[in-house]
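Structure record follows, encoded as structure tokens.
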Amino acid sequence: LELGNDTTICTGQTLVLNAGAYPIIKWQDNSGNQTFTVVDSGLYFVQVTNSQGCTSSDSILVNVHSPVIELGNDTTLCNNSILLLSASGNFVSVVWQDGSTNTIYAVNQSGLYFVNVTDPAGCTAGDSINVFSISEPIELGNDTTICNNNTLQLNMTGNFVSIVWQDGSTNSTYNVTQSGLYFVHVTDAHGCTAGDSVIVTIYSPVVELGNDTTLCSRATLPLSAKGNF
């Protein structure tokens, strides 16, 4: 009677043990079939009795094995950041979703990423991770000019937990009445940051008709509207 050498099978596989054609067969769980199907790790043994009443027995140690690969929980990636996924371990094969085979995979945009690995025993496993990329639009607009005594309102509405303007104020809007460089720095709920700036110029037209003057009777004086326009 020979059940074979101790062995390893992969998770999801089965191993069929065969005790042979004997009148009496007794496995470790007291079952009496000629074959026994193994799906879990453990020590398996059988005792058989032939027609002359002679007995024989054997045992086998079976290890059910699966490689472990863990890419981590689904996560959020700030704009322009990089997430390094690792599939390092005792693997003979590493294959990512795009067919690449390095143990490290660099992620810089949203998507579903997954990897399949094979260990020296030929067992396979895989894992996947959803990566969400945050890029909240930050736009104060183009550099601009406004007329004297007018107001330009800069607006920074969005899903932000922090808004800080160049003067330290934290309102979602900022009223511009003077020429200068204006900028804002924001942080969203994921801890991602961004900023933008705008140059505003205040413009005031100047017109000159000249000094007050006196004209002789019936004389004329040409007036010219000269200025920065």
Side-chain angles (χ1 to χ4, degrees), residues 70-87 96-100 102-115 127-229:
E70 181 63 52
L71 295 180
N73 297 327
D74 294 345
T75 189
T76 297
L77 186 66
C78 295
N79 189 35
N80 298 322
S81 296
I82 295 177
L83 173 66
L84 296 179
L85 302 178
S86 175
W96 295 91
Q97 75 289 331
D98 61 357
S100 59
N102 294 326
T103 58
I104 302 296
Y105 192 93
V107 175
N108 60 7
Q109 59 184 352
S110 298
L112 174 65
Y113 298 86
F114 56 88
V115 66
D127 195 25
S128 64
I129 182 174
N130 270 306
V131 178
F132 305 94
S133 181
I134 297 298
S135 181
E136 188 79 31
I138 305 299
E139 184 60 59
L140 292 179
N142 297 326
D143 295 344
T144 189
T145 298
I146 62 174
C147 296
N148 190 35
N149 298 323
N150 286 356
T151 299
L152 173 66
Q153 186 177 81
L154 303 178
N155 196 323
M156 194 44 56
T157 58
N159 186 27
F160 304 125
V161 296
S162 172
I163 299 173
V164 182
W165 296 92
Q166 74 288 330
D167 62 355
S169 60
T170 58
N171 295 326
S172 60
T173 60
Y174 192 93
N175 292 326
V176 177
T177 58
Q178 296 179 349
S179 297
L181 172 66
Y182 297 85
F183 56 89
V184 67
H185 185 271
V186 299
T187 305
D188 67 15
H190 301 281
C192 300
T193 62
D196 194 24
S197 65
V198 61
I199 296 176
V200 180
T201 301
I202 305 298
Y203 174 74
S204 179
V206 177
V207 61
E208 274 293 338
L209 294 179
N211 298 326
D212 296 343
T213 189
T214 300
L215 292 178
C216 295
S217 177
R218 298 186 180 182
T220 62
L221 174 66
L223 296 178
S224 178
K226 299 179 179 179
N228 58 343
F229 44 83

Sequence neighbours left out, what passes ring-ring contact (aromatic ring centres under 6.0 Å, His included) with Tyr182? Give chain and number order.
Tyr174

Taking the side chain as every heavy atom from C-beta outward, state whether Val176 and Thr151 have any pair of such atoms under 4.5 Å apart.
no

Hey, does Ile202 have a side-chain heavy atom less than 4.5 Å from the side chain of Ser179?
yes

Under the side chain to side chain contact (heavy atoms under 4.5 Å, CB included) rule, what do Leu152 and Thr144 come out as? Steps first, then yes or no, please.
CA-CA 9 Å; Leu152 173 66; Thr144 189; 3.7 Å; yes

Enumerate the residue pairs fulfilling disulfide bond (SG atoms under 2.5 Å apart) with a member in residues 140-190, sequence neighbours excluded, ordered by first and then second residue.
none

I need the Ile163 CD1 to Thr157 OG1 distance, nearest 0.5 Å.
8.0 Å

Got a donor-acceptor contact below 3.5 angstrom from the Gln153 side chain to the Asn175 backbone?
no

Shortest non-hydrogen contact between Ala87 and Trp96, atoms and distance
CB-CZ2, 3.8 Å

Heavy-atom pair with the smallest gap, counting every atom of Ala194 and Ile138:
CB-CG1, 3.4 Å

Starting at CG of Leu154, measure out to CD of Gln166 and round the result to the nearest 0.5 Å.
8.0 Å

Interatomic distance, CG@Leu85 vs CG@Leu71, rounded to 0.5 Å, equals 5.5 Å

In the structure I gave you, are the side-chain heavy atoms of Ser162 and Val186 within less than 4.5 Å of one another anywhere?
no

Atom NE2 of His185 and atom CE of Met156: how far apart are they, to the nearest 0.5 Å?
12.0 Å

Could you name each residue pair satisfying disulfide bond (SG atoms under 2.5 Å apart) that touches residues 151-222, not counting sequence neighbours?
Cys78-Cys192

Find out whether Ser197 and Leu181 are in side-chain contact, i.e. whether some heavy atom of one side chain is under 4.5 Å from a heavy atom of the other.
yes

Contact check, side chains of Val184 and Val164, non-hydrogen atoms, under 4.5 Å:
no

Asn102: which residues meet the side-chain contact (heavy atoms from CB on, under 4.5 Å) condition with it, sequence neighbours left out?
none

Taking all non-hydrogen atoms of both residues into account, name the closest pair between Gly72 and Asp127 and its distance.
N-OD2, 4.1 Å

Hey, does the side chain of Asp188 reach the backbone of Phe160 with a donor-acceptor pair shorter than 3.5 angstrom?
no

Inter-residue atom distance Asn108.CG - Leu84.CG, 0.5 Å rounding:
10.5 Å

Does Gln178 have any side chain to side chain donor-acceptor pair (under 3.5 Å) partners at least two apart in sequence or in another chain, and if so, which?
none

Is a side-chain donor or acceptor of Asp196 paired with a backbone partner of Leu140 at a separation under 3.5 angstrom?
yes

Pairwise distance CD1(Ile146) to OH(Tyr203) - rounded to 0.5 angstrom:
14.0 Å

Is the number of heavy atoms from other residues, nucleotides or ligands within 6.0 Å of CG (Asn142) greater than 12?
no

Going by side chain to side chain donor-acceptor pair (under 3.5 Å), name the residues that satisfy it together with Ser169, two or more places apart in sequence or in a different chain.
Asp167

Is a side-chain donor or acceptor of Asp143 paired with a backbone partner of Ile199 at a separation under 3.5 angstrom?
yes

Got a donor-acceptor contact below 3.5 angstrom from the Gln97 side chain to the Tyr113 backbone?
no

